[in-house]
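Here the structure comes first, spelled out in structure tokens, and everything after it is commentary.
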Amino acid sequence: QVRLVESGGGLVQAGGSLRLSCAASGLVFSNYAMGWFRQAPGKERESVVLIAWGTDATFYRDSVKGRFTISRDGAKNTVYLQMNSLKPEDTAVYYCAATRGTLYGSILHAAGSYNYWGQGTQVTVSS
């Protein structure tokens, strides 16, 4: 059974940093596409950073490029999202997502493409 558990959220001032972690069990990273999504109150869930299955190709939404970095530790089965230079508009619940790879090297942009989700972790950036 696949389980994803996020941690690392919190309250930070604008310009600060946070590192989110997503600890996965029941899966082998190399067989899965992974991603971080976020959802702010009253808004739709949106992709933040995505990793393709097989090639580790990545997608960063424009608003986080140069500020956020995704990485994963296969030995720990953990995906990280390093978030620097945080802005109030980054405030949201952040979710880790995974789905078994079927399209080698393809980035899966739609939230509906992911079968497994964590419970989410709140990130609040004050101005």
Side-chain angles (χ1 to χ4, degrees):
Q1 183 177 357
V2 175
R3 186 170 182 231
L4 305 174
V5 179
E6 301 100 333
S7 61
L11 173 63
V12 64
Q13 288 188 334
S17 298
L18 286 173
R19 189 176 80 155
L20 306 184
S21 299
C22 172
S25 58
L27 61 80
V28 177
F29 267 1
S30 59
N31 295 334
Y32 282 75
M34 306 286 296
W36 285 96
F37 289 76
R38 66 187 181 187
Q39 188 166 18
K43 295 187 177 181
E44 293 188 357
R45 190 168 298 188
E46 62 183 19
S47 61
V48 179
V49 187
L50 308 170
I51 296 182
W53 166 61
T55 65
D56 279 353
T58 55
F59 162 84
Y60 290 81
R61 71 180 304 108
D62 287 345
S63 61
V64 306
K65 284 181 181 177
R67 301 188 298 121
F68 290 13
T69 304
I70 193 169
S71 62
R72 55 183 176 182
D73 185 333
K76 296 182 178 181
N77 249 21
T78 300
V79 176
Y80 302 98
L81 182 64
Q82 179 66 44
M83 306 186 296
N84 299 327
S85 302
L86 283 162
K87 303 175 180 180
E89 51 263 42
D90 294 319
T91 295
V93 177
Y94 284 70
Y95 297 91
C96 177
T99 196
R100 190 167 180 84
T102 56
L103 298 173
Y104 188 84
S106 293
I107 300 287
L108 303 178
H109 291 273
S113 299
Y114 293 83
N115 293 326
Y116 305 102
W117 292 84
Q119 82 288 353
T121 185
Q122 176 71 46
V123 171
T124 303
V125 184
S126 63
S127 57

Which distance, rounded to the nearest 0.5 Å, do you find between the OG of S7 and the CD of Q119? 8.5 Å

Short N-O contact, D90 and K87, less than 4.0 angstrom: no

Using a 4.5 Å cut-off on heavy atoms from C-beta on, say whether the side chain of Q122 contacts that of T91. yes

Any side-chain heavy-atom pair of L20 and M83 under 4.5 Å: yes

Minimum heavy-atom separation for T58 and I70, please, with both atom names. CG2-CG2, 4.0 Å

For H109 and F37, which heavy atoms make the closest approach, and how far apart are they? O-CE2, 3.9 Å

Look at the side-chain heavy atoms of Ile, Leu, Val, Met, Phe, Trp and Tyr, link any pair under 4.5 Å apart, and say whether V48 and F59 land in one connected group. no

Establish whether V79 and F68 are linked, either directly or via other cluster members, by ILVMFWY side-chain heavy-atom contacts under 4.5 Å. yes

Can you name the closest pair of heavy atoms from E6 and G120 and give their distance? OE1-N, 2.8 Å

Looking only at non-hydrogen atoms, find the nearest pair between S47 and R61 and report the distance. O-NH1, 2.5 Å

Residues passing the side-chain hydrogen bond (donor to acceptor under 3.5 Å, both in side chains) test with T99, sequence neighbours excluded, are N115

To the nearest 0.5 Å, tell me how far L18 CG sits from T121 OG1. 8.5 Å

Scanning both residues in full, the closest heavy-atom pair of P88 with S127 reads CG-CB, 3.9 Å

Could you go through N84 and S17, starting from their C-alpha distance and side-chain angles, then the distance that decides it, and tell me whether this counts as side-chain hydrogen bond (donor to acceptor under 3.5 Å, both in side chains)? CA-CA 4 Å; N84 299 327; S17 298; 2.9 Å; yes

Do T55 side-chain atoms and A57 backbone N/O form a donor-acceptor pair below 3.5 Å? yes

Sequence-distant partners of W53, ring-ring contact (aromatic ring centres under 6.0 Å, His included), two or more places apart: Y104

Any pair with a residue in residues 33-106 that passes disulfide (SG to SG under 2.5 Å), sequence neighbours left out, goes on the list, sorted by first then second residue, please. C22-C96

Find out whether Y116 and Y32 are in side-chain contact, i.e. whether some heavy atom of one side chain is under 4.5 Å from a heavy atom of the other. yes

Using the rule that Ile, Leu, Val, Met, Phe, Trp and Tyr join whenever any side-chain heavy atoms are under 4.5 Å apart, tell me whether L4 and V93 fall into a single cluster. no

Would you say the side chain of V49 lies within less than 4.5 Å of the side chain of L81, judging by non-hydrogen atoms? yes

Audit row: V125, Q13, side chain to side chain contact (heavy atoms under 4.5 Å, CB included) steps and yes/no: CA-CA 5 Å; V125 184; Q13 288 188 334; over 6 Å; no

Look only at the side chain of T78 and the backbone of K76, and say whether a donor-acceptor pair between them is shorter than 3.5 Å. yes

Quick check: do W117 and V2 have side-chain heavy atoms less than 4.5 Å from each other? no

Let me check something: do V64 and L50 share a hydrophobic cluster, defined by ILVMFWY side-chain heavy atoms less than 4.5 Å apart, either directly or through other members? no

Within 45° of the six-membered ring axis of Y95 and under 6.0 Å from that ring's centre, is NZ or CZ of R45 located there? yes

With no hydrogens and no angle check, just 3.5 Å: does a side-chain donor-acceptor pair link R19 and Y80? no

Smallest heavy-atom separation, Y114 atom then G35 atom, equals CE2-N, 4.2 Å

